[in-house]
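Sequence lines set the chain letters: A, B, ... in the order given, protein chains first and strands last, and positions in each chain run from 1. What you see is a predicted model; the values in this text were computed from it and never measured. Side chains included, hydrogens not; waters and symmetry mates left out as well; all remaining heavy atoms used.
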Number of protein chains: 2
Amino acid sequence: MDHPGSPTLEQVAALAGVSRATVSRVVNGSPKVLPETVAAVERAIGELGYVPNRAARALVTRKTDSVAIVVPEPDSRVFSDPFFAGILRGVSRTLAPTSSQLVLLIEPAEADDQRLLRYLRGGHVDGAIIVSHHGRDNVLQELAQLPLPIVFSARPIGVDVPVASVDVDNVAGARTAVEHLLSIGRRKLGTITGPLDMTAGLDRLTGYQDVMKKAKLPEAIAFGDFTADGGEQAAIRLLDDHADLDGLFVASDLMATAALRVLSQRGRRVPDDVAVVGFDDSVLATTTTPRLTTVRQPVEKLGARLAEILLAKIGGTKLTSPEIYDTELIVRDSA
Amino acid sequence: MDHPGSPTLEQVAALAGVSRATVSRVVNGSPKVLPETVAAVERAIGELGYVPNRAARALVTRKTDSVAIVVPEPDSRVFSDPFFAGILRGVSRTLAPTSSQLVLLIEPAEADDQRLLRYLRGGHVDGAIIVSHHGRDNVLQELAQLPLPIVFSARPIGVDVPVASVDVDNVAGARTAVEHLLSIGRRKLGTITGPLDMTAGLDRLTGYQDVMKKAKLPEAIAFGDFTADGGEQAAIRLLDDHADLDGLFVASDLMATAALRVLSQRGRRVPDDVAVVGFDDSVLATTTTPRLTTVRQPVEKLGARLAEILLAKIGGTKLTSPEIYDTELIVRDSA
DNA sequence: TTGTAGGCGTTATCAT
DNA sequence: ATGATAACGCCTACAA
C-alpha cells in the first residue's frame, strides 16, 4: 500500500539533519534560510524524490491548489463544440506553470444542480470557471452568488449581480459579417439565429438587426438552435418565405453547413446566387465546399484570460466586470 | 476566510448529540449504527449543510477520490478531436455517480514529462486514464510502469509490459470499409493512411491491406497524418500516381474531407467516379457534400469502459489486457 | 452500538 | 536562522 516513493517532510528533515519546519521553509521558498541549509535540504529532497502531500497541505492552508471548470449543461453537445475545446486549451495552458490543477465538473442531469453547488461550496476547489451557454433556470444565479471566486465564460443570462466574465463581442462580430455581405453588393439578407436564451444567439441577432436597420433593409429571420438539424429547418423556412435571398448570415458554422446543403438542394449556388457567412471559424469552415467565410473568435485567448482572471480573484483581487474581445472576419469562398 | 458554510464533523456531532466517530460512521454508511441515531445525525447534517472535508479524509485514508485523465500530447490537436470529446463524455458520465472527481492533466511541452510522472507518482490521484495517440519516445512506457492503476485508451505503441487498454477494432473497421467498396463494384482502391506511429494509423492500413491481398488487387497507398493538410497532400499524390482510382478508403473523416475537395478540383465526381469511405463518423461526415460514408466508433462507450476499468483496478482488481470494441459502417452518400 | 484517543503530513506560531 | 509544538478535519483501532 505504502509505495516506497512517498517520503515525508520528516524523512527529508532527518536526512538533511534539520527540523521539519526548516524543510517546510525551503519547500515554500522562504527567504530566511541559510543558503547552505537550503542546499542540504534540496539535496535530501532530490535524493528521496520528495513531493509535498497535497492533502496535508490543503488541510492546514485551506487552499486546495485546484480550480474547477464546470459545464452545467446536461446537454453533452458542449464537448464536441470546438469552442469548448479552445477554452480548455487556453485554460490548461495558463494553469500549467502554476501548481493549480484543473478539475472537470460536468453535471449529467439538471437534477444534480444542488450536488454541484454543494461541491463548490464544500471548499474542494479554490475557484471555478463556468462554461455555460444556456440561461436555464437559476443555477447560474446561484453560482454567481457562491462565496467562491468565479468567472463566467460569456456573460450569463438571467444573473442580476455583477460577475466577472470574458466574452467575445458577438454584436460587433455579427455586424462585420453582415456588413461584409453588404459590401459585396448583397441586399436581400437573411439570418439564421442561435437559441435566444444564450447571449451568443441573442447578440448575433442584434448585430444583424443593427446593420439592417441602419441600411433600412427589410429583415428576414429564422430561429435556429446551433444544431445541424435546427439549422436545416431554419434554412428551409427562410428560403420558403424569402426565395429571393442573396445573402445569408448564419450564427454558427455548424448551422451554416446545413444551410449550404439546403441551398444546394434548391439549386442555388454559393456564393454566386447566395453568399453565406458563418460564425466560429471551426474546422467545419474549411471542410465544406465552398469553404466558409466566417467570424473567428480568439477562443484560446478567452480560455487563457478566464484562467488568469480566476487566479487573480483567488489571489484577492476584486473583479466583477465583463472583459470583451474582438472577433475577426475570415474571408474564404462562400461570401 | 472561514465561510459560515463549512461545518465539521465535530459540529455535526454536537448538534446531533453524539460523538464524532458516530457521525463519521453514518457519513461512511457503516451498518452498525442504530436507525434512530442515523436519523438524528442525518438531520444535523442537513441542517448544517455539512460536507466532508476531502483533504482531511485523503490525509488519513490515503485515497484522493480523484482520477486523472492525461493527455501527454504537446499537440493540442487532441482537443478539437471529436474522439477525445466522446471519451471525455463517457468517462465523466460514469464517474459522476461516484464520489471521484476528474482531474485534467495536459502536458504543454514534452520537456515536462518528468513533471507529469512526478505528479502521478506523488499520490495526488488514485489512478489515471491515458489518452495518447502517438508512441513518442518513452513516456508511455514509463507511464505503464508507474505504481498506480492506469488504463490506456488505445493500445500504446512501444510499451512492452502488459497494460489495460480499451480500443476499437481498427483492423476490422478498415476491412469493413474496404469490403464495402468492393461490394459496390469498385476494384481500383486506394487508401490514405494515418501516421504510422499511432495504432489507429497502423491498424487501419493493415485492414486495407488484408482485404486487398485477399482479393488479389494491387494496393495504392499514400501516407497522411490525420490532419486536413496532410490528407490533402496525400490525396494529391495518390491521384497523381493512380489517376484511375474508383474507390478510396481514408483513415479519418477530416482527411476524407480534404480528399473530397481534391477530387472535386480534379473534376472527379463522388461517388459516381470515385467512392469514398472515411473513418470516425464525426460531425464532419454529415456536413460535407456528399455526406460521408464512414466507420463509426462507439467513443462514449469506450470512455465509459475506460473509467469502469480504472475504478476496478483502483478497487484492487488486476487487469492488464486490452478490451476491444466493434465499429459500425455508416453508409451515406459518398460510397 | 457508541465513545475515546491517536495520528495522517503540513503549516504556522512561538520561542530560542 | 532554526526548532518545538499545536492545530487542520477526519478515520479507525480499541475500549466501554
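If you take OH on Tyr325(A) and CG on Leu302(A), they are separated by 8.0 Å, rounding to the nearest 0.5 Å.
Each of Arg305(A), Lys301(A), Arg155(A) was checked for a salt bridge (charged side-chain N to carboxylate O under 4.0 Å, His left out) with Glu323(A), and the lone residue meeting it is Arg305(A).
Between Ala13(A) and Ser19(A), the closest heavy-atom pair is CB-C, 3.7 Å.
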Original post:
Should Val18(B) and Val41(B) be marked as a side chain to side chain contact (heavy atoms under 4.5 Å, CB included) after you check the CA-CA gap, both sets of side-chain angles, and the distance that decides it?
Top reply: CA-CA 8 Å; Val18(B) 298; Val41(B) 172; 4.0 Å; yes
**OP:** Step by step, work out the side chain to side chain contact (heavy atoms under 4.5 Å, CB included) result for Asp65(B) and Asp126(B).
**Re:** CA-CA 6 Å; Asp65(B) 261 21; Asp126(B) 298 337; 4.3 Å; yes
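Backbone-only engagement by Val18(A) is indicated by non-hydrogen atom pairs under 4.0 Å involving sugar-phosphate atoms exclusively. At the heavy-atom level, Ser24(B) lies under 4.0 Å from base atoms of the strands shown. Counting any heavy atom pair closer than 4.0 Å across all strands shown, Leu34(A) reaches sugar-phosphate atoms only and no base atom. Among the atoms of the strands shown, only primed sugar atoms or phosphate atoms (P, OP1, OP2) are found under 4.0 Å from some heavy atom of Val33(A).
Here Ser19(A) does not reach the OP1 or OP2 of dT2(D): none of its side-chain N or O atoms lies under 4.0 Å away. Of the side-chain N and O atoms in Thr61(B), none sit less than 4.0 angstrom from OP1 or OP2 of dC11(D). Distances shorter than 4.0 Å separate none of the side-chain N or O atoms of Asn53(A) from OP1 or OP2 on dC8(C). Contact annotation: Thr37(B) side-chain N/O to dT2(C) OP1/OP2 distance is under 4.0 Å. Dashed line: the shortest gap from a side-chain N or O of Arg62(B) to OP1 or OP2 of dG9(C) is under 4.0 Å.
Where Pro52(A) and Arg25(A) each meet DNA chain C at their nearest nucleotide, the meeting point lying more 5' is that of Pro52(A). For the pair Asn28(A) and Val38(B), both in contact range of DNA chain C, the more 5′-proximal nearest nucleotide belongs to Val38(B).
Rounded to an integer number of Å, the gap from Glu10(A) CD to dT11(C) C1' is 14 Å. To the nearest angstrom, C1' of dG9(D) lies 9 Å from CG of Leu59(B). Between Leu48(B) atom CG and dG9(D) atom P there is a gap of 13 Å when expressed in whole angstrom units. As a whole-Å value, the separation of Arg57(A) CZ from dC8(D) P is 19 Å. dA7(D) atom P lies 14 Å from atom CZ of Arg20(A), rounded to whole Å. Summarising the geometry, the separation between NZ on Lys32(B) and C1' on dC11(D) is reported as 15 Å, rounded to the nearest angstrom. Rounded to an integer number of Å, the gap from CD of Gln11(B) to P of dG9(D) is 8 Å. Going from atom CZ of Arg54(A) over to atom C1' of dC8(D) covers 18 Å, rounded to whole Å.
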